[in-house]
Student: 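Okay, here's the structure, questions in a sec.
As the structure lists them, so they are numbered: ligands from 1, and atoms in each ligand from 1. Start at 1 with the first residue, then count along the sequence. From a predicted model like this one, the values you see are computed outputs, not experimental measurements.
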Amino acid sequence: MPSPHPTLLAPSILAGDHANLRSSLKTIEDAALEWVHLDIMDGHFVPNLSFGPQTIKAMRPDSTLFFDVHLMLDNPHLYIDAFLDAGAQQITIHVEPDYPVADTLAYIKSKGCKCGVVLNPDTPAEDAKEFLSACDIVLLMTVQPGFGGQSFRHDVLPKIEQFDRWRKELGLDYRLEIDGGVDLETAPLCTQRGADTLVAGTAFFKATDPAAFIQSVTA
Ligand code: DX5
Ligand code: ZN
């Protein structure tokens with residue numbers, strides 16, 4: 001089913017230049033894109049560390065991009081205020097750890113920030129169904145989170161279709177975002193199934209022709 005939203009490409013700055021994040025933001029802006037995807041890792045929920053709210057806060061005055069913050073944390077509810085204060089405009093939180101997911105979504109929303117849930121590749125769609133009415137976006141991981149540059153998990157494709165079906169059946173209008181291994185070949189597999197928001201790290205920042213990639217993904 002076609003999504004109710006125009007397709008967006010959200011480059012993940014994880015694959016950018018961490019000694020010069022300003023230049024990576026500019027690369028996104030120069031490509032006339034509107035979102036940047038910010039991957040936050042705690043070294044516990046995922047086996048890697050990235051950066052924190054201080055870095056996002058430092059980037060905020062330099063950019064008009066929409067800050068899409070993906071929290072890969074065991075205790076995301078303890079850090080919401082820090083990311084709101086840093087300038088997040090959307091915060092997505094995983095359903096796998098044990099913390100009050102519904103209350104955290106409500107809190108994010110009460111602060112005027114968009115919110116949504118994230119599912120790992122092996123997490124059943126049903127685990128997120130109860131939260132859907134509170135979500136502006138649902139983020140489906142197509143790699144095990146923690147590292148850029150991994151291969152797209154084709155076995156997640158039916159889950160994209162499931163969330164697209166629920167969006168229609170339940171009369172909701174959340175965005176459907178895909179994260180991990182998105183490239184020229186895998187992007188159409190996602191958009192054909194109702195995805196409208198594509199995160200790309202490696203395929204955007206390491207592309208020989210980023211303009212061609214963007215055009216093919218968002219056409
Ligand atoms: C993985 C991150 C992704 C990752 C995507 O933990 O959530 O956003 O950076 O990178 P690529 O596009 O290289 O798979
Ligand atoms: Zn991400």
Student: One thing to verify: whether Lys109 and Asp136 come together as a salt bridge, which I'm taking to mean a side-chain N less than 4.0 angstrom from a carboxylate O.
Tutor: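 Lys109 and Asp136: salt-bridged.
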Student: In His70, which N, O or S atom comes closest to the Zn ion (ligand 2)?
Tutor: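 Of all N, O or S atoms belonging to His70, ND1 is the one nearest the Zn ion (ligand 2).
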Student: Is there a donor-acceptor contact under 3.5 Å linking the side chains of Thr197 and Arg175?
Tutor: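 The criterion, which ignores hydrogens and geometry beyond distance, is satisfied for Arg175 and Thr197.
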Student: Considering only NZ, NE, NH1 and NH2 on the basic side and carboxylate oxygens on the acidic side, decide whether Asp85 and Lys57 come within less than 4.0 Å.
Tutor: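 Salt bridge present between Asp85 and Lys57.
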Student: Going by ring-ring contact (aromatic ring centres under 6.0 Å, His included), name the pairs with one or both residues in residues 192-219, residues two or more places apart or in two chains.
Tutor: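 Residue pairs with at least one partner in residues 192-219: there are none.
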Student: Output yes when Arg153 and Asp122 qualify as a salt bridge under the 4.0 Å nitrogen-oxygen rule, no when they do not.
Tutor: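 Counted as a salt bridge, because a side-chain N and a carboxylate O are separated by less than 4.0 Å.
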Student: Using a 4.0 Å cut-off on heavy atoms, what residues surround ligand 1? Order them by chain and number.
Tutor: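 Residues near ligand 1: Ser12, Leu14, His37, Asp39, Met41, His70, Met72, Met141, Pro145, Gly146, Phe147, Gly148, Gly149, Asp179, Gly180, Gly181, Val199, Ala200, Gly201, Thr202.
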Student: Which atom, counting only N, O or S, brings Asp39 closest to the Zn ion (ligand 2)?
Tutor: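 It is OD1, the N, O or S atom of Asp39 closest to the Zn ion (ligand 2).
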Student: If two hydrophobic side chains count as joined below 4.5 Å and joins carry through other members, does Ile160 share a cluster with Leu184?
Tutor: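 In one cluster: yes.
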Student: Indicate whether any N or O donor in one side chain lies under 3.5 Å from an N or O acceptor in the other, for Tyr107 and Asp81.
Tutor: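 A pair is found: one side chain offers a donor N or O, the other an acceptor, under 3.5 Å apart.
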Student: Could you tell me which N, O or S atom of Asp179 is nearest to the Zn ion (ligand 2)?
Tutor: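 This turns out to be OD2.
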